[in-house]
Amino acid sequence: MAGSAKAAIQRPRGTQDVLPGAVYVWEYVENAIREVCRRYHYLEVRTPIFEHTELFERTTGETTDIVEKQMYTFRDRGGRSLTLRPEGTAPVVRAYLEVPERPLLPWKVFYLGPMFRHERPQAGRFRQFVQFGVEAIGADDPALDGEVIALADDLFARLGLEGLSVHLNSIGCPRCRPSYREALLSYFRGREGLCADCRRRLEVNPLRVLDCKEASCRALAEEAPRPTDFLCPECREHFDGVQAFLRHTGIPFVLAPTLVRGLDYYTRTVFEIMHGALGAQNTVCAGGRYDGLVEQLGGDPTPGVGFAAGLERLITTLELEGRLPPPPTEVQVMVAYAGNAARPVALDILYRLRRSGWQADIDYLGRSLRAQMKQASRLGAPLVAMVGEDEVASGEVTVRDMRTGEQVRVPLEELEVTLRRIAPTT
RNA sequence: GUGAAUGUAGCUCAGCUGGUUAGAGCGCCAGACUGUGGAUCUGGAGGCCGGGGGUUCGAGUCCCCUCAUUCACCCCA
């Protein structure tokens, strides 16, 4: 690829470099996330990048692809099996159980950081990707389900996104799900037309047959029994409560009777926030309730609800909707000089500006003044401070406004006032 | 893990049925303007045509393998 004799080392498959010119977009999104979370009283938690493998095996679901074949698992020198975290909820719950003092409930936290799954990359899917997620542990109030959905909705609105829609469903609890499962099995077993994948799904995880993309399966799924028809009275009431909250709060949503989630720990509420124009991986945010998870990890029975959002997909959505913020100014003042005699003076000016807070830079490639101007222009620097032999002799500096082309020559002491006057806001 | 498409200058791409010095646009550097950007013109640098093997007198063009990228499936943010 590269012209060198040795083969160039490329980044590992499914990873990305966020280059300097793009980092501001990430900062923009991260800032929006932190601000919204603060308003909803969710505090940040930072858990390790790797965990004991068992944590994910026990929670995510032993039959899910994530655990079966997508984990980056390795042994450390002590022989322990560790895994780069493939998702954020299990680690957060584990951390909750390790909080030294009993936390005030609900424990409302958010996380923001890289996750790892060994999958084939495609549009909107990477092996290392960044997830933002919130978890509220310790209350089963439907208004809390509503709160995490509201938080996500608020965030997306704040980012200016419009093409997203909330899809909502309830998959019941360990008490009502078995009867639904049976109904589903007998429905599909009595019918022809399922694809090969779905015949396998039917045995492994029957609920997943519902969201198959195959046309024939979808047709069958349309008529299939729905989880919401089998909810026990408590789950029914809870689900009604979530919907009532959303209507009351004015958050639009659509009921999605065939929506199920992949991870084993979900109960009751499940939801996804999707975008119509994203390609095959169109879910930007997904979550739900996990009332059995804390107990499963050795804690007292404690309900919980949360979601995870993929930042790469979110940023793609921003691009798609033309909602990327303009890039920030890299350099406010470019210091240019003509002739080697002026260089020490130019460096003095450069450091004087930097020390008083200006974003300032200078040419290091010995370019002609003309080329220095061109650089300044390309960098989008609004101001150039120029010195040549004349200025050195008279103790002055020439300030050029790159937007208008106007320039003035002022005594060195007046440089900063002049800069501020010409470009007060930069 | 499965399938398909694509890999030619820094970037985006040409290169007809294999034919000898591999091109364009943009970008970059320099000059026209011996101290001044965004316009124009001129010149220049920069490619073992992803890598390996094969067919052929001859391969960027054909065949095989391999690596990478992209999209889709599986699954999922």
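The sequence lines fix the lettering, A, B, ..., with proteins before strands; numbering per chain opens at 1. All values below come from the heavy atoms of this structure, side chains included, with hydrogens, waters and symmetry mates left out.
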K.L.:
Would you mind classifying the nucleic acid contact of Q372(A) as base, sugar-phosphate or nothing, using non-hydrogen atoms under 4.0 angstrom?
P.N.:
nothing
K.L.:
Can you tell me how far P in U20(B) sits from the matching atom in G60(B), rounded to whole Å?
P.N.:
11 Å
K.L.:
Classify the side-chain pair T89(A)/E135(A) by whether it contains a donor and acceptor separated by less than 3.5 Å.
P.N.:
yes
K.L.:
How would you label the contact of G133(A) with the nucleic acid (heavy atoms, under 4.0 Å): base, sugar-phosphate, or nothing?
P.N.:
nothing
K.L.:
When you compare A30(B) with U70(B), how far apart are their P atoms, in angstrom units rounded to a whole number?
P.N.:
35 Å
K.L.:
Tell whether R125(A) reaches the base of C75(B) with its side chain through a donor-acceptor pair below 3.5 angstrom.
P.N.:
yes
K.L.:
For a quick check of understanding: with a heavy-atom distance under 4.0 Å over all strands, which category does F126(A) fall into, base, sugar-phosphate or nothing?
P.N.:
base
K.L.:
Within the structure provided, determine whether D153(A) and I273(A) are in side-chain contact (heavy-atom separation under 4.5 Å).
P.N.:
no
K.L.:
Please examine the side chains of Q332(A) and L383(A), heavy atoms only from C-beta on, and report whether any two atoms are closer than 4.5 Å.
P.N.:
no
K.L.:
For every nucleotide of nucleotides 28-33 of chain B, 5' to 3': is a protein heavy atom under 4.0 Å from its base (B), only from its sugar-phosphate (S), or from neither (-)?
P.N.:
SSS-BB
K.L.:
Kindly point out which of C76(B), G37(B), A68(B) is positioned nearest to the side chain of R208(A)?
P.N.:
C76(B)
K.L.:
Go through the steps for R289(A) and D140(A) under the test side chain to side chain contact (heavy atoms under 4.5 Å, CB included), then give the verdict.
P.N.:
CA-CA 9 Å; R289(A) 184 160 274 286; D140(A) 63 7; 3.8 Å; yes
K.L.:
Using the P atom in both, what is the distance from U8(B) to G3(B), to the nearest Å?
P.N.:
24 Å
K.L.:
Would you call E223(A) and R191(A) a salt bridge, using N to O less than 4.0 angstrom?
P.N.:
no
K.L.:
If only side-chain N and O atoms count, and only distance matters, is there a donor-acceptor pair under 3.5 Å linking Q296(A) with T59(A)?
P.N.:
no
K.L.:
Is any side-chain heavy atom of V130(A) closer than 4.5 Å to one of W26(A)?
P.N.:
yes
K.L.:
Once you apply a heavy-atom cut-off of 4.0 Å, does G339(A) come out as touching a base, just sugar-phosphate, or nothing?
P.N.:
nothing
K.L.:
Mind checking A376(A) for me? I need base, sugar-phosphate or nothing, with any heavy atom below 4.0 Å counting as a touch.
P.N.:
nothing
K.L.:
Does a side-chain N or O of Q70(A) approach OP1 or OP2 of C76(B) to a distance below 4.0 Å, or not?
P.N.:
no
K.L.:
Distances under 3.5 Å between protein N/O atoms and the N/O atoms of nucleotides 2-6 of chain B, please, pair by pair.
P.N.:
from, atom 1, to, atom 2, distance (Å)
U2(B), O4, R120(A), NE, 3.4
U2(B), O4, R120(A), NH1, 3.4
U2(B), O4, R120(A), NH2, 3.3
G3(B), O6, R120(A), NH2, 3.4

K.L.:
Could you pick out which residue, R127(A) or E391(A), lies toward the 5' side of RNA chain B when each is mapped onto its nearest nucleotide?
P.N.:
E391(A)
K.L.:
Inspect the contact between R39(A) and D154(A) and indicate whether a charged nitrogen and a carboxylate oxygen are less than 4.0 angstrom apart.
P.N.:
yes
K.L.:
Identify, between Q281(A) and M386(A), the residue whose nearest nucleotide on RNA chain B lies closer to the 5' end.
P.N.:
M386(A)
K.L.:
Can a donor-acceptor pair under 3.5 Å be found between the side-chain atoms of R200(A) and the base atoms of C74(B)?
P.N.:
no
K.L.:
Ignoring hydrogens and angles, state whether a donor on the side chain of E416(A) or S356(A) is under 3.5 Å from an acceptor on the partner side chain.
P.N.:
yes
